[in-house]
Engineer: 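Here it is, the structure, as structure tokens.
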Amino acid sequence: MTRGIKKMTTEVMDAHDMHDDHSPAKGIKRWLFSTSHKDIGTMYLVLSLIMFFVGGAMAMIIRSELAIPGLQFVHPEFFNQMTTMHALIMVFGAVMPAFVGLANWMIPLMIGAPDMALPRMNNWSFWILPVAFGLLASTLFMPGGAPAGGWTMYPPLVLQTGDAFPFLIFSVHLLGLSSIMGAINIIVTVINMRAPDMSLLKMPMFVWTWLITAYLLIAVMPVFAGAVTMLLTDQFFGTSFFLAAGGGDPVMFQHIFWFFGHPEVYIMILPAFGVVSEIIPTFSRKPLFGHDSMVYAASCIAFLSFIVWAHHMFTVGMPLTSQLFFMFATMLIAVPTGVKIFNWVATMWRGSMTFETPMLFSLAFVFLFTIGGFSGLMLAIAPADIQYQDTYFVVAHFHYTLVPGSVFAIMAGTYYWLPKWTGHMYNETLGKVHFWTSTFFVNLTFFPMHFLGLAGMPRRIPDYSTQFADFNTMASVGAIGFGVSQLLFVWVLLTSKKGTKVTAEVWDKPPGLEWTVPSPAPYHTFETPPKLSDADGFH
Amino acid sequence: MPEKNAHRSLVGQLLILTVAMFGFGFLLVPLYDVFCEITGFGGRTNPEAAVVAEAPDLTREVRIEFVTTVNSYAQFEFAANADSMTVSPGKMYYATFTAKNLAGEHKIAQAVPSVAPSGAAEHFTKIECFCFTSQEFAASEERAMPLQFIVNPELPDYIDTITLQYTFFDTAPVAAVLEN
């Protein structure tokens, strides 16, 4: 079996070698059977954009229902399905594939490799995703509806899911499989295929953060797959991993889930750190301050992510010493994260800064992600967390890290590298309008949620006490505004080929090998390894 | 090609890591049990009858509170005959719980205990408990069930109240219970 796959890979690579100056296959076959990192990267990004709108539509339903007190549009059961599906789709469908797409496109260009190391597996890891989301989306039409027990899938509640349950589990299995294959591919590419004189510490930060992220994926995705497999056997095969009546312990699921879940949140933010570490130096016209300390900081964050999981579950009850350990370990993460924020600010210090759209998104990232980091510190305080647990304060916290955090970084990266992909400059004015509307509305949506949470409004509830009405209305207006702003993003993307042609460099002496290839990047690049001295940013 | 060999060996290592981490997920299950037994995490008490010599410490009093819950799929009434009692560490005590089968048919039930705060769990020893085995009930049967316990004198000073919590489960799978 393995031999068969290897043989196929070899044949495909040979075919490439023979036809390397041919243009790609025509029509649907180009995409179905593509082994080009650029095509696959594009497919990942397009899928991610579609999923962003699917998950966003669900967010619109949630916010419409919550705009005023009382039940107006949807049944509570459907509301719960929306919160669960919104989270699953945004995490596994929008944020993660977007970063994998950026990695596919940019990592070979940044390290001077002709393609990903395992192109055939790359094709597989993409095409598994539409199947997985097909399974997941089909649950909306099943008896009992889609999963509604929260994306964290805590038993025993999740075991009450109707016919959707096995579909939920299998789609998670497939998503995990895709992530693991993508991660293996990235590690092998980065370790084995760098340009000859690119030592590990000379790698650009985006490549570094993705290398660390890929190791995190391999370490925790299999554990998550194991946990949901246990749920499956508890439901259908008579085991009692999490069933108290049979001697199991439902709290154990929370431990195993968050052993995956906490590294998972860094899987969604480390590549974002990488993206802004590429963009801020370009528009500050200075090299990244403290490149090596950034590498060590990212590694520290990755290590700490494995020993803080129980801060998600302080309220289940644990000995005082455990609470103290998890509290202090969590707060410790602020140190390497602070190093990163300091380095970005120091990069800008006395730089010749300009404020193109990618830079605006990156600056907003630094500022707004830090707000999410601060509320995370508040949540880390074990005695205070008992008050915050399962309130809108938590919702505000993780949305600040994920929307103006990860999503803004994805948009920044898209604007930054879009001219390299298309060969044309996007509409800068509309890009800036997109930035300002997004930033205004994202804050209008999520900032009031801090106050709602501190006042005690619980999350995952379709109705609320009238005292919460005003802030909820503000959040709902903000959410609709943010959603509409993203249509502008789509418009900018659709019209991106109409702009003026750009040079290979696109920006003002940007650092990195990706700016040494023509714009748009030709179908085949770096068939002979480049010299680092050809590019800016290596000393 | 040397590059292909390098790919092969690295992919092999990463696949081994993947499989090992999948195994580690399952290894967490026994590890969690060991961890809970050592630390009292999760409020676990001894799962089988224990023999402990009495060594009463009459200078100290500890309040024991009993909390009972019936799982939503179990058709039972279940309660402690007294809500709480005051005990001295090192002395043996008895408590009685009463359960009634509300279903018109034979049922097998299981009580699952938990002790809070978790620092007290390892010092709360059950000599005899209806929770050690599953309990059979004939249709509509009502029965008193005994608990015999001792609080270890080494209970930390800061603990003056121990809560013993039982959840009563129908041992038939949930699906089967729902069908009835």
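Values below: every heavy atom of this structure, side chains too, minus hydrogens, waters and symmetry copies. Protein chains get the first letters and strands the later ones, always in sequence-line order, with residue 1 at the start of each.
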Engineer: Examine whether an atom of A:Phe224 lies under 4.5 Å from a heavy atom of chain B, and if so say whether it belongs to the side chain, the backbone or both; otherwise answer neither.
Structural biologist: neither
Engineer: Less than 4.5 Å to any heavy atom of chain B: does that hold for the side chain of A:Tyr215, its backbone, both, or neither?
Structural biologist: side chain
Engineer: Could you look at A:Ile184 and say if it's the side chain, the backbone, both or neither that has a heavy atom under 4.5 Å from chain B?
Structural biologist: both
Engineer: Taking every non-hydrogen pair under 4.5 Å, which of A:Val251, A:Asp249, A:Leu217 racks up the most with chain B?
Structural biologist: A:Asp249
Engineer: Under a 4.5 Å heavy-atom cutoff, which of A:Met193, A:Gln235, A:Met221 has the most pairs with chain B?
Structural biologist: A:Met193
Engineer: Could you tell me which portion of B:Val112 (side chain, backbone, both or neither) has an atom closer than 4.5 angstrom to a non-hydrogen atom of chain A?
Structural biologist: side chain
Engineer: Let me know if A:Gln160 has heavy atoms under 4.5 Å from chain B in its side chain, its backbone, both or neither.
Structural biologist: side chain
Engineer: Verify whether the ring centers belonging to B:Phe76 and B:Phe137 lie closer than 6.0 Å.
Structural biologist: yes
Engineer: Taking the six-membered ring for Trp and the single ring otherwise, decide whether the centroids of A:Phe170 and A:Phe167 are under 6.0 Å apart.
Structural biologist: no
Engineer: Quick check for you: among B:Phe24, B:Phe168, B:Phe26, which has the greatest number of heavy-atom pairs under 4.5 Å with chain A?
Structural biologist: B:Phe26
Engineer: Would you mind telling me which of B:Leu17, B:Val11, B:Val19, B:Val29 has the largest number of heavy-atom pairs within less than 4.5 Å of chain A?
Structural biologist: B:Val29
Engineer: Between A:Phe253 and A:Phe241 (judged by ring centroids, cut-off 6.0 Å), do the two rings come close enough to count as a pair?
Structural biologist: no
Engineer: Under 4.5 Å, counting heavy-atom pairs only, tell me which of A:Val223, A:Ile218, A:Asn192, A:Ile180 racks up the most with chain B.
Structural biologist: A:Asn192
Engineer: Could you go step by step and tell me if B:Cys131 and B:Met145 meet the side chain to side chain contact (heavy atoms under 4.5 Å, CB included) rule?
Structural biologist: CA-CA 9 Å; B:Cys131 60; B:Met145 301 179 298; over 6 Å; no
Engineer: Centre-to-centre under 6.0 Å for A:His262 and A:Trp309, is that the case here?
Structural biologist: no
Engineer: Given the side-chain rings of A:His255 and B:Tyr32, with only the six-membered ring counted for Trp, is the space between their centroids under 6.0 Å?
Structural biologist: yes
Engineer: Check each atom of A:Ala227 against the heavy atoms of chain B and say whether the ones under 4.5 Å are side chain, backbone, both or neither.
Structural biologist: neither
Engineer: Counting the benzene-type ring for Trp, do A:Phe314 and A:Phe326 have ring centres under 6.0 Å apart?
Structural biologist: no
Engineer: Strictly by side chain to side chain donor-acceptor pair (under 3.5 Å), give each pair with a member in residues 173-188 of chain A just once, sequence neighbours left out.
Structural biologist: A:His173-A:Thr229
Engineer: Name the region of A:Ser322, side chain, backbone, both or neither, that has any atom closer than 4.5 Å to a heavy atom of chain B.
Structural biologist: side chain
Engineer: I'd like to know which of A:Gly226, A:Gly248, A:Ser240 tops the heavy-atom pair count under 4.5 Å against chain B.
Structural biologist: A:Gly226
Engineer: Under a 3.5 Å cutoff, is there a donor and acceptor pairing between the side chains of B:Thr69 and B:Gln165?
Structural biologist: yes
